[in-house]
Amino acid sequence: MRRFSLREKAKTILLCAASLNLGLSSELPWLGIIFVAAFIILLFRYDESRVPVYRKSIAYGLIVPFAIWWVLSPEMEYGMSPWLVFIPAYYLLSLAYLQKRSLGNGGYDVFVLFNGVAVLLLSCFQASRYGVLLNLFALLLLLHAYARPGVKWWKHALFLLLFLGLSAISFGGLKYWQSHGHNRAERMADYYAKRHLMGFDPVVKLGSFESNFAGKYNREVVLRVWDSLPPTYMRAAVYEKYVGGIWKLPAHRDRMLYASRYKVDYAVFETRDSVASADSSRPVWVQSSLDNFGFIFAPYDAVAVAAKNADSVEYFKSNVFKQGETRRGDWFYYMPLPSGPTGPFVAGTYGNDTPDSSYLQVFAPLAGFLDTVAMEMGLDTLAEYPGLLKEVVYSDAIRSYFLNHFAYSLKVDDSKEAAAKLGAKADPLRVFWATRSGYCEYYATLSVLLLRRAGIQARYVTGFARPEVVPGRPYALFRRNSSHAWVEMFSLGRWIPFDPTPPLFVVKMERPSWLDMKFEWVRARAARVFHVLRDGEWRLALNSWQDAVQNILSGTALYVVLGCIALAVVAFRFVRAHRRRGSKAGYAQSVQHWVKGLEAAEKSLARIGLVRHPGETVGAFLARCESEMPAGKEDSRVSRKMQARIQSAIQFLREYEEQRWR
């Protein structure tokens, strides 16, 4: 009988266990049995003398049928399809078979083990407890077979405990994922609540702010306003029409604004150039961490906005800026300077931001209810107050009544029992009035409708109120639970905010911990540093320098100066070349003088038999001449004229020797 090593037995048991468990988990037991039979036959028929070559083309070609199987696999409406796990597992099992079949001839044992263990783990998906135990037994057997010989037993036990602990943790996590993974609707709702702000979309239902106040993300920082004097109210949207518990934005935007100037690469969109000029306003940088449905948060008297990477924004009559549905991470809004030409009573009236009949409309089915509420509040007795006094008296009366007779609550009793007492289709305002409790949306909605019923233009506003300010910190921040709804009334030619909500909810807001404040400090400073690096004043200075350079390049003065410089360079080079030619000519004349003089001197000396030998230097020749013709000694053989020439030649040689190195 053929004998096999422990490693071969353990490896085959591992592959068979993975194949069987994968077939049972995927409800294809016949396919698992086929792989089990293939591995057993391969074990007994393996012949080292006839090992087939491992062909990568077959391994790559297997991707095609498995990809087709992937496409044809059934889908699941909720959760993840198990075929996303099983089909790759079957492909890895096929690769393990090909590698084991060609061991020693292109197939490697390490790939067999890697694919086998991967299939073993993937087969545990939706497997029974017996299948998991079988896989665990096969894996432990493999670990024992491949362990180094001579290892202490307690090391095996320690590894086994560690392995069992990690397996238990992984199995518990898998079961938790399986039990919670199919609730896709709940996960999507949580994702939406985490990524979006409630109450700022084009249609706002009463109660939409509840997730901001009571949700698990209510302490999350949403806006950072880098200003030493942050506004109390940062509005996003202004609604004009109320119908059955729902507020709606204006049906059409007033116009599309296009950039009129730039701050670094922020396009500045203005509603009136004379108001939002650079000389009469100051920019305030705002950060937003979440999607705000395209709205750009700004105070009611902001004169313009500057949005990055935008070429146009929508502008509504209510002085609301919106840039599609694009997430606006940061931007600037411009505030008029206190001493600027805008003045304190001009700010707030921009473009067509004037009241019309829509801000006097009241939901018809609520007309009788509003009259009853006005009588109970005593508003019917205030009708004789004219103009501005009427608006002030009405707003004070509404605020005082709410403060004395209502309680702020983050939960409105909208149960079926409460609705049944008030009618089958009770408006949320009726429930709010009956229960005498609610939060900002209800107070603001009822106040807007009461003011409109009295003939005062009013509108419903959503945004953030009362920022979190820390002394010494250069910015203010708004958290989710700072979201708010309030009222704007038209008075003295401008819209002014009116907040009817009792201020008790400010006391209920818990302060952040010391650690939370430190982490917020780090996050804000890091964001500020990146902002300065990306869009700081150095970029503006660089742009100004580039503009100045471009203006210089486009002017004629630059080219005149460049021409003068070029002429000066040419003249300098000409003079320098002329001087060099003169110095070279003088040098050539000097050389010619010494060469000719040396030749004449040698000829004169040669007449009396003094000839310079080949290779003899002038200095050596001079010394020989002086020794044979000492100075002052006359030769009777030579005439006086010739002696004078000889003495002149010797004198020339002396001068030549003295001047030759100078």
Residue that, paired with Val286, satisfies side-chain contact (heavy atoms from CB on, under 4.5 Å) out of Phe478, Phe297, Tyr333: Tyr333
Separation of Arg612 CZ from Cys625 SG (nearest 0.5 Å): 10.0 Å
4.5 Å side-chain heavy-atom contact, Tyr233 and Arg466: yes
Six-ring centre of Tyr475, Arg473 cation under 6.0 angstrom, axis tolerance 45°: yes
Inter-residue atom distance Asn218.CG - Arg479.CZ, 0.5 Å rounding: 9.5 Å
Residue pair Gln457 / Trp495, side-chain donor-acceptor N/O under 3.5 Å: no
Ring-face cation contact, Tyr334 with Arg261, 6.0 Å cut, 45° max: yes
Nearest-0.5 Å distance that lies between atom OG1 in Thr462 and atom CH2 in Trp247: 11.0 Å
Rounded distance [0.5 Å steps], OH in Tyr300 versus OG1 in Thr232: 9.5 Å
Where at least one partner belongs to residues 221-234, residue pairs that pass salt bridge (charged side-chain N to carboxylate O under 4.0 Å, His left out), sequence neighbours excluded: Arg224-Glu520, Asp227-Arg282
CD on Glu599 to NZ on Lys596, rounded to 0.5 Å: 9.0 Å
Residue pair Gln287 / Trp226, side-chain heavy-atom distance below 4.5 Å: yes
Spatial distance of atom CZ (Phe316) from atom CG (Leu249) [nearest 0.5 Å]: 6.0 Å
Atom of Phe652, atom of Gly597 and distance for their closest heavy-atom approach: CE2-C, 3.1 Å
Pairs flagged by salt bridge (charged side-chain N to carboxylate O under 4.0 Å, His left out) wherever residues 558-573 is involved - sequence neighbours left out: none
Full working for salt bridge (charged side-chain N to carboxylate O under 4.0 Å, His left out) between Glu240 and Arg459: CA-CA 6 Å; Glu240 66 176 10; Arg459 58 195 188 190; over 6 Å; no
Intermediate values then yes/no, side chain to side chain contact (heavy atoms under 4.5 Å, CB included), Leu84 and Trp70: CA-CA 8 Å; Leu84 299 180; Trp70 183 297; 3.2 Å; yes
side-chain contact (heavy atoms from CB on, under 4.5 Å) partner of Phe269, the single match among Leu257, Ile296, Asp311: Leu257
Aromatic plane relationship, His531 with Trp285 - under 30° parallel, 30 to 60° tilted, over 60° perpendicular: parallel
Derivation of the side chain to side chain donor-acceptor pair (under 3.5 Å) call for Ser482 and Glu468: CA-CA 9 Å; Ser482 301; Glu468 184 179 304; over 6 Å; no
